[in-house]
Amino acid sequence: MGKAFKYGDNVDTDVIIPARYLSTFDPAELAKHCMEDIDAGFAGAVRPGDVIVGGSNFGCGSSREHAPVAIKGSGVACVIASSFARIFYRNSFNAGMPILESGEAAERIRAGDEVEVDFARGAIRNITRDESYRAEPFPPFIAKLIECGGLVDYVKSLGE
Amino acid sequence: MGMTMTQKILAAHAGLKEVKAGQFIEAGLDIVLANDITGPPAAKEFARMGAKSVFDPDKVVLVPDHFTPNRDIKAAAQCAELRAFAREQGIVNYFELGAMGIEHALLPEKGLVVAGDSVIGADSHTCTYGALGAFSTGVGSTDMAAGMATGRAWFKVPAAMRFEITGRLQGWVSGKDVILHIIGMIGVGGALYKSMEFVGPGLKSLSMDDRFTIANMAVEAGAKNGIFEVDDVTRAYMSAHVNRSGRPEKRARAYSPDDDASYERTIGIHLPDIRPTVAFPHLPENTRAIDDVGEIPIDQVVIGSCTNGRLGDMEAAASILKGRKVAEGVRCIIFPGTQQIYLECLRKGYAEIFVEAGAVLSTPTCGPCIGGHMGVLAAGERAVSTTNRNFVGRMGHVDSEVYLASPAVAAASAVAGRIANPDEVVV
């Protein structure tokens, strides 16, 4: 369970982690500057288990995998959005950063709401408002990737 | 059911007779690309996968172009990691400073991508090569690592939007204005997960440089890829840029969409209707025709990048800056995309024109576009830039502003000291 940080549509990877900090891939280092250009207070306020809620096209822009790595390094348990930009979508699975697509949750959840996420079931509960939302189920191929433990383990399993 | 150009290339690389939008496939790769920011993490993931050697040292391309020439010690360390990996793996197409260019200008110039190829790159603007009739898309470092290890990648076959181009470009209007106009029309999520396929009789008036610019910014509409139908312009470019660095010349293969291919939406683009176009902060979709821009004073002009650092772009800038001066109080930075383009700027006299005008001519680098180095903006500063993104903080301070435009508009703006129509400056 955690608190929701709420943002709008088209949250780009430049504001998630500005390019000036891309001289490292260390999650803790990147986390210090996570969301810096859209919400300068984020890094100081975020606590393990919190969630980020965005609108449509979350994670658009640069292909930097540093973006989901920075969010994961911040302790965020899940990113919920009505839709994700495609590279960010792929990168999140590869970086082990849970994401869920739910237009309803993206619309209803307000900043500061207490939210509980059951990633495996795609169930989102808003404790503050006493509401529940469903996330889009993952396509079978993606579900298989998640089950394998991500792309690194999937490729490993091919070699075995 | 027929297939789009993208679907045909994916089917061919997956060894399937047919693919449909929404289907998950694994496809073979002809080129796997990374740079100094995305390459080092990919090398680490590659090792974590238990991989020992890349699937084909001729097909992995590594280009240290982002924070180079090394901007600080950390950037130097990242480049050293990339260099060490390239040496250890015997990567044929590793481009050291001096041979290095901005990756998406460099690969086509070196003949490393041809029509019909399937390409992934750990850089979102990898979609640029769609200009050649290739399937090409951006991925992150882990996907790139898996591509290096296996020579394959998984894809969800994209649905598509069809852009039917008619007429000819008018006056100073270029490929940049066409793609800004389209993004303004459909929005930054307008082609989310989809292919943007460009066809029609108007293609023949678009130079390869125009097409590279258009395909380059497909990602700015959320697209998985942008792709152009192959014609004589493409074929002439490919025969002039044959890969002589590695194995024998690659065979290009041109794919046209089937007559009954399924497109979610078809949009007609009549080139004579397009005006020089500017995208206002802070999204590429915030476009206005030059006539509706108003009085916007500027501090900096940036001409170059993977979007607009090609010879045609340099030529447009030179034709406006020739015999004119950059306005007082404006800093103008011009950076050709590759060493070859830089050399052409010297030979054709553009370099002299730029320096005489009071602009600086920089080595190829991604630095200014991403607020990395070589032209970072302070709080409150405003730039006109031929790059691809004008997000908050993209080129520097979070309170700076970026206006995206063509090289002609950017050069005219440098002279006028405010965003200007080239027609006002070149009378």
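Sequence lines set the chain letters: A, B, ... in the order given, protein chains first and strands last, and positions in each chain run from 1. Keep in mind it's a predicted model, so treat the numbers as computed, not measured. The figures that follow rest on heavy atoms only: side chains count, while hydrogens, waters and symmetry mates do not.
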I need the A:Phe141 CZ to B:Gln23 CD distance, nearest 0.5 Å. 12.0 Å
Roughly how far apart are B:Thr137 OG1 and A:Ile87 CD1, rounded to 0.5 Å? 5.5 Å
Heaviest contributor of heavy-atom pairs below 4.5 Å to chain A, chosen from B:Gly138, B:Gly189, B:Ala75, B:Gly372, is B:Gly138
Counting C-beta onward and ignoring hydrogens, is there a side-chain heavy-atom pair between A:Phe25 and B:Pro40 closer than 4.5 Å? no
Between B:Thr142 and A:Glu65, is any pair of side-chain heavy atoms under 4.5 Å apart? yes
For A:Ser56, which atoms come within 4.5 Å of any heavy atom of chain B: side chain, backbone, both, or neither? neither
Please classify the contact of A:Thr24 with chain B as side chain, backbone, both or neither, using a heavy-atom distance under 4.5 Å. backbone
Between the main-chain N or O of A:Gly61 and the side-chain N or O of B:Arg389, is there a donor-acceptor pair closer than 3.5 Å? yes
Heavy-atom pairs under 4.5 Å with chain A, option from B:Val219, B:Thr38, B:Asp123 with the top count: B:Asp123
So which bits of residues 36-45 of chain A come within less than 4.5 Å of chain B, counting non-hydrogen atoms only? A:Asp37
Structural part of B:Thr150 lying under 4.5 Å from a heavy atom of chain A: side chain
Tell me, do A:Ser23 and B:Arg71 make a side-chain contact under 4.5 Å, heavy atoms counted? yes
Kindly indicate whether the side chain of A:Leu151, heavy atoms from C-beta on, has any atom under 4.5 Å from the side chain of B:Trp154. yes
Evaluation steps, side-chain contact (heavy atoms from CB on, under 4.5 Å), between B:Phe24 and A:Ile142: CA-CA 9 Å; B:Phe24 282 78; A:Ile142 303 280; 4.0 Å; yes
Over 60° means perpendicular and under 30° means parallel, so classify the ring planes of B:Tyr193 and A:Tyr89, tilted if in between. perpendicular
To the nearest 0.5 angstrom, please state how far the CD1 atom of B:Ile37 sits from the OG atom of A:Ser63. 10.0 Å
Residue list, side-chain hydrogen bond (donor to acceptor under 3.5 Å, both in side chains) with B:Asp143, at least two apart or on another chain: A:Arg90, A:Asn94
For chain B, which residues of residues 109-125 of chain A have at least one non-hydrogen atom nearer than 4.5 Å to it? none
Let's test your reading of the structure: which of A:His66, A:Arg86, A:Arg20 forms the most heavy-atom pairs below 4.5 Å with chain B? A:Arg86
B:Glu26 atom CD, neighbour heavy-atom count above 12 within 6.0 Å: yes
When every non-hydrogen atom of B:Met49 is compared with those of A:Lys156, the smallest separation belongs to O-CG, 3.3 Å
Where the side chain of B:Arg48 meets the backbone of A:Asp153, is there a donor-acceptor pair that is under 3.5 Å apart? no
Could you verify whether a donor N or O on one side chain and an acceptor N or O on the other, from B:Ser124 and A:Arg64, lie under 3.5 Å apart? no
For A:Asn91 and B:Gly140, indicate whether the former's side chain and the latter's backbone hold a donor-acceptor pair under 3.5 Å. yes
Please answer whether the main-chain N or O of B:Val188 pairs with a side-chain N or O of A:Asn57 as donor and acceptor at a distance below 3.5 Å. yes
Donor-acceptor check, side chain of B:Gln78 to backbone of A:Leu22, threshold 3.5 angstrom: yes or no? yes
Name all residues meeting the side-chain hydrogen bond (donor to acceptor under 3.5 Å, both in side chains) criterion together with B:Glu381; count only those two or more places apart in sequence or in a different chain, and write none if there are none. B:Arg331
Nearest heavy-atom pair of B:Leu192 and A:Ala85: which atoms, and what distance? CD1-CA, 4.0 Å
B:Leu283 side chain reached by A:Asn10 side chain, heavy atoms, under 4.5 Å: yes
